[in-house]
Amino acid sequence: MRIILLGPPGAGKGTHAGTISALKSVPHVASGDLFRKHQQEETELGILAGSFMSKGELVPDEVTIRMIEQRLGEDDCWQGIILDGFPRTVTQATALDQLFASLDHKLDLVLYLAVSEDELVRRLGGRITCRNCQTPYNLVSSPPKIENVCNQCNGELYQRPDDTADAVRQRIQVFTQQTIPLVDYYTSKGILTEIDGEQDISEVQRALIAAV
Ligand code: ADP
Ligand code: AMP
């Protein structure tokens, strides 16, 4: 099964990707996580991506598409995938269609998590993320069991530099301008399901599982 998790920053994509990934036994591939891994490893791509990420802007399509194409070419992605954070522009969506077509793969479902701007700002203001496995937590809605320690891997939790107020505002604006057109793009293909992402984490999870 090939699924895209679509939604603004803070909608809950990273929170729920693991559940769907386990349910369908397919890997979770998050473009933001891949960029942050490159940043940690101080690769050329990581340094380039970091200059856009810190400002809340999108990394250029060409570089992003190349990175995802490479990841999707790996063996574990052959049977299926949960894509999180990619595509984010119509150019990226078209490239993904072409890639899937060339591999004779089908995109099954796009799950669109809709959340209001006020709620996104609230959530991202309280988000802490594992430096190691990138699991997101929230100081208010889903704190870790032990302060600053990841439940999954015991990694250290930190506040992402792009979760500051200015960068969050910019990222939401970028989503509205560049990513929202994908809702029409996938609706017209008949594969988009909208989920009310504003509900409690457990209710969103129930709705996502039902849709999958
Ligand atoms: P995304 O991956 O879409 O950017 P995350 O999954 O990292 O978003 O979630 C953003 C923040 O909001 C995290 O701190 C997370 O714990 C919290 N969160 C996610 N879903 C909900 C929800 N339904 N209600 C309240 N907080 C949530
Ligand atoms: P995320 O972890 O999904 O919130 O992404 C963090 C940042 O990584 C974004 O604000 C962008 O700068 C960059 N990024 C992630 N995915 C993409 C993408 N598909 N296209 C361009 N930039 C991206």
Side-chain angles (χ1 to χ4, degrees), residues 1-17 19-21 24 26 28-35 49 52-53 55-69 71-72 77 80-124 162 167-199 203-212:
M1 194 160 197
R2 292 177 189 84
I3 301 173
I4 291 173
L5 279 178
L6 182 66
K13 304 182 294 296
T15 297
H16 297 287
T19 305
I20 305 173
S21 164
K24 290 288 159 189
V26 293
H28 165 214
V29 172
S31 43
D33 290 357
L34 292 175
F35 282 133
F52 293 94
M53 292 165 79
K55 289 181 280 188
E57 290 169 9
L58 294 186
V59 179
D61 282 335
E62 197 191 300
V63 202
T64 306
I65 291 165
R66 208 177 319 131
M67 177 182 73
I68 290 290
E69 277 180 353
R71 179 68 187 91
L72 297 199
C77 296
I81 193 167
I82 313 286
L83 275 171
D84 158 4
F86 183 92
R88 260 175 156 98
T89 64
V90 172
T91 304
Q92 292 179 13
T94 313
L96 185 65
D97 284 346
Q98 283 165 0
L99 177 68
F100 279 161
S102 74
L103 298 170
D104 210 15
H105 285 171
K106 185 171 144 269
L107 176 60
D108 297 288
L109 186 61
V110 177
L111 295 165
Y112 172 47
L113 285 172
V115 178
S116 68
E117 185 166 338
D118 283 352
E119 175 67 8
L120 296 174
V121 171
R122 225 183 341 262
R123 287 183 189 179
L124 292 175
D162 58 348
V168 163
R169 260 190 297 276
Q170 171 66 11
R171 286 159 64 208
I172 294 173
Q173 200 175 340
V174 165
F175 175 81
T176 309
Q177 286 165 351
Q178 302 195 51
T179 310
I180 273 286
L182 295 186
V183 173
D184 281 348
Y185 183 90
Y186 289 119
T187 300
S188 69
K189 290 178 184 286
I191 53 172
L192 184 134
T193 297
E194 180 169 331
I195 308 277
D196 175 6
E198 195 117 359
Q199 311 169 85
E203 286 162 39
V204 175
Q205 189 183 63
R206 214 170 303 131
L208 285 169
I209 291 173
V212 165

Are any non-hydrogen side-chain atoms of Phe35 and Thr64 less than 4.5 angstrom apart? yes
Test of understanding: with side-chain hydrogen bond (donor to acceptor under 3.5 Å, both in side chains), list the residues that count as partners of Gln178, not counting sequence neighbours. none
Any Ile4 side-chain heavy atom under 4.5 Å of Leu109 side chain: no
To the nearest 0.5 Å, tell me how far Ile191 CD1 sits from Arg2 CZ. 12.0 Å
List for me each residue that meets salt bridge (charged side-chain N to carboxylate O under 4.0 Å, His left out) alongside Lys55, sequence neighbours excluded, and say none if there are none. none
Flag side-chain contact, heavy atom, 4.5 Å: Phe86 against Leu34: no
How would you list, by chain and number, every residue that makes a ring pair (Phe, Tyr, Trp, His ring centres under 6.0 Å) with His28, sequence neighbours excluded? none
Tell me, please, which residues at least two apart from Ser21 pass side-chain hydrogen bond (donor to acceptor under 3.5 Å, both in side chains). none
Can you confirm whether Gln173 sits close enough to Thr176 that some side-chain heavy atom of one is under 4.5 Å from a side-chain heavy atom of the other? no
Sequence neighbours left out, what passes salt bridge (charged side-chain N to carboxylate O under 4.0 Å, His left out) with Arg71? Give chain and number order. Glu74, Asp76
Enumerate the salt bridge (charged side-chain N to carboxylate O under 4.0 Å, His left out) contacts for residues 176-195, please, sequence neighbours excluded, ordered by first and then second residue. Asp97-Lys189
Nearest heavy-atom contact between Arg88 and Thr179 is O-OG1, 2.7 Å
Which residue pairs pass the salt bridge (charged side-chain N to carboxylate O under 4.0 Å, His left out) test when at least one of the two sits in residues 3-15, sequence neighbours left out? none
Scanning both residues in full, the closest heavy-atom pair of Pro9 with Leu120 reads O-CD2, 3.3 Å
Distance-only, no hydrogens or angles: does the Ser31 side chain make a donor-acceptor pair with backbone N or O of Gly85 under 3.5 Å? yes
Working to the nearest 0.5 Å, report the span between CD1 of Ile68 and CG of Leu83. 6.0 Å
What pair of heavy atoms forms the shortest contact from Leu58 to Phe52, and how long is it? O-CD2, 3.5 Å
Any idea which heavy atoms bring Ala211 and Thr193 closest together, and the distance? CB-CG2, 4.2 Å
Suppose we screen for salt bridge (charged side-chain N to carboxylate O under 4.0 Å, His left out). Which residues come up paired with Arg206, at least two apart in sequence or across chains? none
Are the side chains of Tyr112 and Ile180 in contact, using a 4.5 Å heavy-atom criterion? yes
Between Met1 and Val26, the two heavy atoms sitting closest are O-CG1, 4.0 Å
Could you grab the distance from atom CD1 of Ile209 to atom NZ of Lys24, nearest 0.5 Å is fine? 10.5 Å
Name of the residue among Ile20, Thr19, Ile195 meeting side-chain contact (heavy atoms from CB on, under 4.5 Å) with Gln205: Thr19
Please test Ile65 against Leu99 for side-chain contact (heavy atoms from CB on, under 4.5 Å), starting from the C-alpha separation and ending with a verdict. CA-CA 10 Å; Ile65 291 165; Leu99 177 68; over 6 Å; no
Could you give the distance from CG (Asp84) to CG (Asp33), rounded to the nearest 0.5 Å? 6.5 Å
Can you sort out the partners of Thr91 under side-chain hydrogen bond (donor to acceptor under 3.5 Å, both in side chains), two or more places apart, ordered by chain and number? none
Please enumerate all residues that pass salt bridge (charged side-chain N to carboxylate O under 4.0 Å, His left out) together with Asp108, with sequence neighbours excluded. Lys106
Between Leu72 and Leu96, is there a side-chain heavy-atom distance shorter than 4.5 Å? yes
Taken in chain and number order and not counting sequence neighbours, the residues that satisfy side-chain hydrogen bond (donor to acceptor under 3.5 Å, both in side chains) with Asp61 are Thr89, Gln92
Please report the C-alpha distance between Leu192 and Leu6 in whole Å, then the side-chain angles of each, then the deciding distance to 0.1 Å, and finally whether the side-chain contact (heavy atoms from CB on, under 4.5 Å) criterion is met. CA-CA 9 Å; Leu192 184 134; Leu6 182 66; 4.2 Å; yes
Distance in Å, His16 NE2 paired with Leu208 CG, rounded so as to fall on 0.5 Å steps: 6.0 Å
Can you give me the closest heavy-atom contact between Leu113 and Gly12, atom names plus distance? CD1-C, 3.8 Å
Check side-chain contact (heavy atoms from CB on, under 4.5 Å) between Glu119 and all other residues, then give those that pass, not counting sequence neighbours. Val115, Ser116, Arg122, Arg123, Glu198
